[in-house]
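Below, all heavy atoms of this structure are taken into account, side chains as well, without hydrogens, waters or symmetry copies. Numbers for residues simply follow the sequence, beginning at 1.
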Amino acid sequence: MKENIKVLAIDDDADILLSLKLMLKNQIQSIITESDPEKALNMIERDDFDVILLDMNFSKDTISGQEGFDLLSRIRKIKPEAVVIFLTAYGDMDKAIKALKAGAVDFILKPWQNEKLLATVFSAAQISQSRKETLFLKEKQEVLQAEIFHPFSEIIGQSDSMKEIIRLIQKVGPTDANVLITGENGTGKELIARAIYQCSARKQETFLSVDLGSIPESLFESELFGHCKGSFTDAKSDRMGRFQAASGGTLFLDEIGNLNLTQQSKLLTAIEKQQIVRVGANHPIPINIRIICATNLPLVELQKEDRFRQDLLYRINTIEIHLPPLRERKSDIPLLSQFYLMRYKKKYNKLSLSLMPDTLEFLQNYKWPGNIRELIHSVERAVILADNDQIRASDFSFLKQSSQTQQQTPQATDLSLTLSLEEIKKNRIIECLNKNHFNVSLCAKELGLTRSALYRRMEKYGL
């Protein structure tokens, strides 16, 4: 079976090239030969070779090997990752060492032993593959780092309110101040939290997001602070909690308004003391974290009603950032729509799609109870279902149906007469999502489902 290797052989001796071709053609995928160094350089620039076999001596100088070294230098300028093996009839240790220092991976004497040359080519091909993988990972890391150093790349908007939010992020980000992000569900609170993190001195450390609304009360301490083996029935081993896992970095606590007073007290202790105690343990574990919290509930009102601790509120909102609902920043809707249109055009390979002017006008006038989360979902759905290159307002008709369902919810007895069981289930989910402003955690809890089960049903019904 041929190895998937592509080799270029460069030598001024036609017999050498023929011998290489005859020997390698049944062992590897491709062997290309070239006697002209300039033509070979053009081929290297245009094509991708796993291994290059390079003669050390050409016509002008038959002993020193300088021509080969010069050519190697030019090859490495074109392809720094190129894997080159020198061929020479005048080999000695000095030349071998010089060749390796110049960037060659090995050195073969003419005449060669076939087994030796094959082994050298296969070994060089592995080096080539390793270099390519390393280069790929490096390029990927550069792209990721570029994203890290552009924390506002997905904060889309030119409205005054969004400009003020970006200004606040730039000021508070480099500090270690705790931040409270408020706003309706779907306004992008986690996106803002990540932007703060990316502007901070902790950006090379962990960013850990915790949805407090999805953690059962009985598991609250275990999830956040960890537990010891045997501390409760299912504790089969020691487990690190989220606070310890995020130590050194940033911990994002979403839906903090859903905690009861007991949970709030335990959270406050951990934040104030910068230490936690695992369930079943007696000794504290020091932590070093920055806290960013988010909620869609009015914590000040809850505090006045004795449903949220005042001391915890003071501790978490050194700086408060409020995200306005999408209906209050209508000027940003066209930008957001175009941004997510571009994303889903690429994802679903529908690159010719565009939004008609009347479509943008319709989207600006819609109330968006689910805010940006609903807009993203709606644009993706419209892209998937689009039959033409132009997305019209009629392609978003499902938004009108959703709005009507919210405003006029039929009685269950009437539904049973006119709708199928599946339609009843779908309308119940739509009603619940609108009621809870697309908060999946609250909706799942109200419907008696897990989050994953609710997501599956939303996907099933195209919601």
Side-chain angles (χ1 to χ4, degrees), residues 1-13 16-17 19-21 23-58 61 64-88 91-110 112-150 204:
M1 183 177 177
K2 292 183 178 182
E3 295 289 334
N4 188 24
I5 300 171
K6 191 172 184 179
V7 173
L8 171 65
I10 311 169
D11 199 300
D12 61 342
D13 188 329
I16 292 291
L17 294 179
S19 296
L20 288 170
K21 197 159 195 172
M23 184 188 67
L24 293 173
K25 69 177 184 178
N26 294 323
Q27 304 293 328
I28 63 175
Q29 179 189 18
S30 174
I31 167 70
I32 297 173
T33 60
E34 180 54 60
S35 59
D36 186 335
E38 294 301 325
K39 289 182 180 178
L41 289 171
N42 289 333
M43 294 168 70
I44 292 168
E45 195 164 8
R46 296 193 313 267
D47 210 339
D48 185 28
F49 297 97
D50 296 300
V51 180
I52 299 171
L53 297 172
L54 176 62
D55 185 22
M56 186 173 284
N57 300 294
F58 287 84
D61 185 339
S64 72
Q66 189 56 47
E67 283 186 300
F69 289 121
D70 291 343
L71 193 55
L72 173 62
S73 177
R74 295 174 68 185
I75 290 171
R76 289 182 59 78
K77 285 181 180 178
I78 296 171
K79 290 277 178 70
E81 71 278 12
V83 172
V84 178
I85 300 172
F86 264 135
L87 300 173
T88 182
D92 56 33
M93 287 305 297
D94 290 339
K95 289 191 179 70
I97 294 170
K98 185 179 178 182
L100 295 175
K101 286 183 176 179
V105 298
D106 215 330
F107 183 93
I108 293 179
L109 300 179
K110 304 174 187 176
W112 57 77
Q113 295 179 349
N114 288 352
E115 294 79 7
K116 163 74 172 171
L117 189 139
L118 279 173
T120 303
V121 168
F122 290 155
S123 177
Q126 291 180 341
I127 294 173
S128 176
Q129 182 62 30
S130 177
R131 286 185 181 180
K132 288 175 183 176
E133 290 174 358
T134 301
L135 185 63
F136 171 77
L137 291 173
K138 181 181 178 182
E139 290 174 349
K140 184 176 180 179
Q141 185 64 27
E142 287 174 354
V143 171
L144 293 175
Q145 285 295 109
E147 286 298 315
I148 288 173
F149 290 114
H150 290 84
Q204 302 298 336

Between V105 and R131, is any pair of side-chain heavy atoms under 4.5 Å apart? yes
Return the CD1 to CZ distance between I52 and R76, rounded to the nearest 0.5 Å. 10.5 Å
Could you state the interatomic distance from NZ (K6) to CD1 (I31), rounded to the nearest 0.5 Å? 11.0 Å
Taking every heavy atom of I28 against every heavy atom of I5, the minimum-distance pair comes out as CB-O, 3.6 Å
Beyond-backbone contact of L20 with L87, side-chain heavy atoms, under 4.5 angstrom: yes
Restricting to non-hydrogen atoms, name the atom on I10 and the atom on P37 that form the minimum distance, rounded to 0.1 Å. CG2-CA, 4.5 Å
Is it the case that over 12 heavy atoms from other parts of the model lie below 6.0 angstrom from the NZ atom of K132? yes
Shortest non-hydrogen contact between K79 and D48, atoms and distance: NZ-CA, 4.3 Å
What one should report as the nearest heavy-atom pair of F49 and M43 is CE1-O, 3.7 Å
Could you tell me which non-hydrogen atom of A124 sits nearest to which non-hydrogen atom of I85, and how far apart they are? CB-CD1, 3.7 Å
Distance from L117 atom CG to L109 atom CG, nearest 0.5 Å? 11.0 Å
Is there a side-chain contact between E115 and L118, using heavy atoms and a 4.5 Å cut-off? no
salt_bridge(E45, R74) N-O dist < 4.0 Å: no
At what distance, to the nearest 0.5 angstrom, does CG of N114 lie from CE of M23? 5.0 Å
If I compare all heavy atoms of D11 with all of K110, which pair ends up nearest, and what's the gap? OD2-NZ, 2.8 Å
Does any non-hydrogen side-chain atom of I127 lie less than 4.5 Å from one of V51? no
Distance (rounded to the nearest 0.5 Å) between D36 CG and N42 CG: 8.5 Å
Return the OG1 to CD distance between T134 and Q129, rounded to the nearest 0.5 Å. 9.5 Å
Taking the side chain as everything from C-beta on, heavy atoms only, tell me whether L54 gets closer than 4.5 Å to L72. yes
